[in-house]
Amino acid sequence: MDAFYASVATRDRPDLDGRPVIVGGGGRGVVLSANYLARGSGVRSAMPMTRARRLCPDAVVIPPDFALVEQVSGSVMALFRQVTPLVEAVSLDEAFLDVSGAARRLGTPEEIAERLRSVVHDEQRITCSVGVAATPVVAKMASRHAKPDGVVVVPSGEVTAFLHPLDVGELWGVGERTREQLHRLGLFTVGDVAHTPVQTVQRALGGVLGARVHALAWGVDGRVVTPQSGPHAPERSTGADHTFDRDVDDPDVVATELLRLSARVTGRLRSAGLAGRTVTLRIRFADFTTITRSRTLPEATDVTVEVHRTALALFRGLGLQRARLRLVGVRVEGLVPRSQVHHQLQLGEREHGWSEAERAMDRATRRFGASAVRPARLVRHTG
DNA sequence: TCTGGGGTCCTAGGACCC
DNA sequence: TCTGGGGTCCTAGGACCC
């Protein structure tokens, strides 16, 4: 999709036609999406909102409507599945479609691409761009060049002709840091990387990344379209973090926030029927330096109280003397199905404990809403 | 009043085991 | 009488993606 969050936000707002629009959070938020008028002023995704407003003071700023975006995303993916069952959603606004089996039925790649675009536009009133190639990653790179509202086809025989003039930063997996490293080697274009011995690239980037980038420079990506409907990779971790509106140095505020985040994470675990063994605390200081501390528990848990207790112990273990914190986060890794966890009661431990209490809270929440029952610490004193 | 939130994967060192 | 080799797990940091 083109400028997805912004397109969704404006499709029922004719009053915003011809105006620059930015979707993003307030305060310390970043730009989630900006329409092409705002981009004309230099606004980009992931840019701090403060900078975006400065670049484009006339822009209409809209907070994201995640529920609506998810709904539109689901509808678009359903349209894709009418063309082929081989649809891999990469994110809410992007998917790989393997149409190699649809040519006889639906025509040339260009025709399929245009059909997809018109069906999305007719049904959802938003535009999208399509890249077509023999491999997913090259198709993805082509789709970038198709934006906005276009199609770029890269025939098999023209892959290197398409790739080699591009900046190395356009390769999937090459971000700012890797781009700098390649520049230091004197490699600026994809073609430069392609014509450098793979060992040289690997020495600079490490074995795995180096090999991948070098292969990709020749259009070899090793990826296949993997529809989510089949058995997809199990989740490996789940987490939540929060950037404070203002930097915080009160350990009590931190402890409360860690409880809120732990509850969010373990709530997700419980509804997914998962539990995890490793709890990771993330701290970002006022100067943006970020550290993590983790602890692996004897057995996997989905219990809020245990995750919070662990996160708090990790925090106290840092021995921070009222350092100013910008962000705290909690993540649980090493996920396994809860059915595989066989809890060993400790000597003196009650048979029914927090796990049962929290499950009861989940049921109350499902029935009466999120405000029905909460830890006292998370009840705002305004009541 | 620069820099969100949710993820994945890789690297590297050390402990530990056989 | 100067210290192997292979494997797994844990921890911490960092890069990248959307």
Side-chain angles (χ1 to χ4, degrees), chain A residues 1 3-5 22-33 42-55 57 63-64 66 69-70 73 88-96 136-137 140-141 143-144 168-182 202-213 216 223 232-247 257 260-261 264-265 268 276-298 310 314 317-318 326-335:
Chain A
M1 303 306 113
F4 187 45
Y5 285 73
I22 301 173
V23 177
R28 290 172 139 176
V30 299
V31 175
L32 263 162
S33 176
V43 177
R44 295 287 179 271
S45 292
M47 174 182 283
M49 283 297 290
T50 48
R51 186 155 129 74
R53 285 175 196 267
R54 227 181 302 132
L55 285 169
F66 291 107
V69 162
E70 267 179 47
S73 171
E88 176 179 352
V90 177
S91 65
L92 285 175
D93 75 331
E94 187 169 30
F96 290 124
V137 179
K140 166 158 176 74
M141 293 171 63
S143 78
R144 257 191 225 165
V168 284
E170 289 203 47
L171 289 169
W172 214 32
V174 176
E176 210 176 319
R177 294 307 168 90
T178 305
R179 182 170 179 266
E180 282 170 18
Q181 285 197 276
L182 291 169
Q202 285 180 301
R203 265 197 302 277
L205 304 185
V208 175
L209 183 62
R212 213 170 59 203
V213 165
L216 196 50
R223 183 181 178 129
H232 60 277
E235 266 190 304
R236 305 183 63 82
S237 74
T238 188
D241 49 41
H242 178 70
T243 297
F244 297 111
D245 292 336
R246 276 190 213 93
D247 296 339
E257 186 57 34
R260 200 175 67 89
L261 296 169
R264 184 182 301 171
V265 169
R268 285 204 292 249
R277 271 189 72 205
T278 302
V279 177
T280 301
L281 168 78
R282 200 150 92 98
I283 298 284
R284 174 168 295 152
F285 296 100
D287 69 356
F288 221 73
T289 58
T290 308
I291 61 170
T292 63
R293 291 293 180 271
S294 64
R295 176 175 299 174
T296 299
L297 305 171
T310 307
L314 290 166
L318 287 170
R326 178 186 180 91
L327 167 148
V328 292
V330 176
R331 177 162 292 278
V332 177
E333 301 167 69
L335 305 188

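Each chain gets a letter, A, B and so on, in the order the sequences are listed, and its residues count up from 1.
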For B:dG4, does either OP1 or OP2 sit under 4.0 Å from a side-chain N or O belonging to A:His242?
no
Partners passing side chain to side chain donor-acceptor pair (under 3.5 Å) against A:Ser45 (at least two apart in sequence or in another chain):
none
Ignoring backbone atoms, test whether A:Arg264 places a side-chain nitrogen or oxygen under 4.0 Å from the OP1 or OP2 oxygen of B:dG6.
yes
A:Trp172 to A:Met141 - nearest heavy-atom pair and separation
N-SD, 4.2 Å
Scan A:Thr280 against the nucleic acid and name what it touches under 4.0 Å (heavy atoms): base, sugar-phosphate only, or nothing.
nothing
Counting only side-chain N and O atoms of A:Arg284, is one of them less than 4.0 Å from OP1 or OP2 of B:dT3?
no
Pairs meeting criterion salt bridge (charged side-chain N to carboxylate O under 4.0 Å, His left out) with involvement of residues 276-291 of chain A, two or more places apart:
A:Asp241-A:Arg282
Hey, which of these two, A:Leu327 or A:Arg212, hits DNA chain B nearer its 5' end, going by closest nucleotide?
A:Leu327
Taking the minimum atom-to-atom distance to the side chain of A:Glu94, which one of B:dG6, B:dG4, C:dC18 wins?
C:dC18
Applying a 4.0 Å non-hydrogen cut-off, can you work out what A:Gly25 is touching in the nucleic acid: base, sugar-phosphate, or nothing?
nothing
Which string of ( ) [ ] | and . matches DNA chain B, if you list each base 5' to 3' and count Watson-Crick or G-U pairs only when both distances are under 3.5 Å?
....||||||||||||||
Under 3.5 Å between N/O atoms: give me all the protein pairs with nucleotides 11-16 of chain B, atom names plus distance.
from	atom 1	to	atom 2	distance (Å)
B:dT11	OP1	A:Val208	N	3.3

Check this one for me: any side-chain N or O of A:Arg268 less than 4.0 Å away from OP1 or OP2 of B:dG7?
yes
With the side chain of A:Arg331 defined as its heavy atoms from C-beta on, choose the nearest nucleotide among B:dG4, B:dG7, B:dC9.
B:dG7
I would like to know whether A:Leu327 and A:His242 meet side-chain contact (heavy atoms from CB on, under 4.5 Å); could you show each step before the answer?
CA-CA 5 Å; A:Leu327 167 148; A:His242 178 70; over 6 Å; no
With centres under 5.5 Å and planes under 30° as the test, does A:Phe288 stack with B:dT3?
yes
Between A:Thr238 and B:dG7, is there a contact of a side-chain N or O with OP1 or OP2 at under 4.0 Å?
yes
Counting side-chain heavy atoms from C-beta on, which of C:dC17, B:dT3, B:dG7 comes nearest to A:Ser237?
B:dG7
Shortest non-hydrogen separation from A:Val279 to A:Leu314 and the atoms involved
O-CD1, 3.7 Å
If anything within 90° of 0 is syn and all else is anti, what is B:dT3?
anti
Is it true that A:Glu257 and A:Arg260 have a side-chain N and a carboxylate O under 4.0 angstrom from each other?
yes
Strictly below 4.0 Å, N to O, side chains only: are A:Arg268 and A:Glu235 in salt-bridge contact?
no
Could you please spell out the steps behind the side-chain contact (heavy atoms from CB on, under 4.5 Å) verdict for A:Asp93 and A:Tyr5?
CA-CA 9 Å; A:Asp93 75 331; A:Tyr5 285 73; 6.0 Å; no
Mind checking if A:Arg277 touches a base, just sugar-phosphate, or nothing, with heavy atoms under 4.0 Å?
sugar-phosphate
Are A:Lys140 and C:dC18 close enough that a side-chain N or O sits under 4.0 Å from OP1 or OP2?
yes
With sequence neighbours excluded, what pairs up with A:Glu70 under the side chain to side chain donor-acceptor pair (under 3.5 Å) test?
none
Can you name the side chain to side chain donor-acceptor pair (under 3.5 Å) partners of A:Glu333, sequence neighbours left out?
A:Thr280
Against the side chain of A:Asp241, the closest entry in B:dT3, B:dG5, B:dG7 is B:dG5
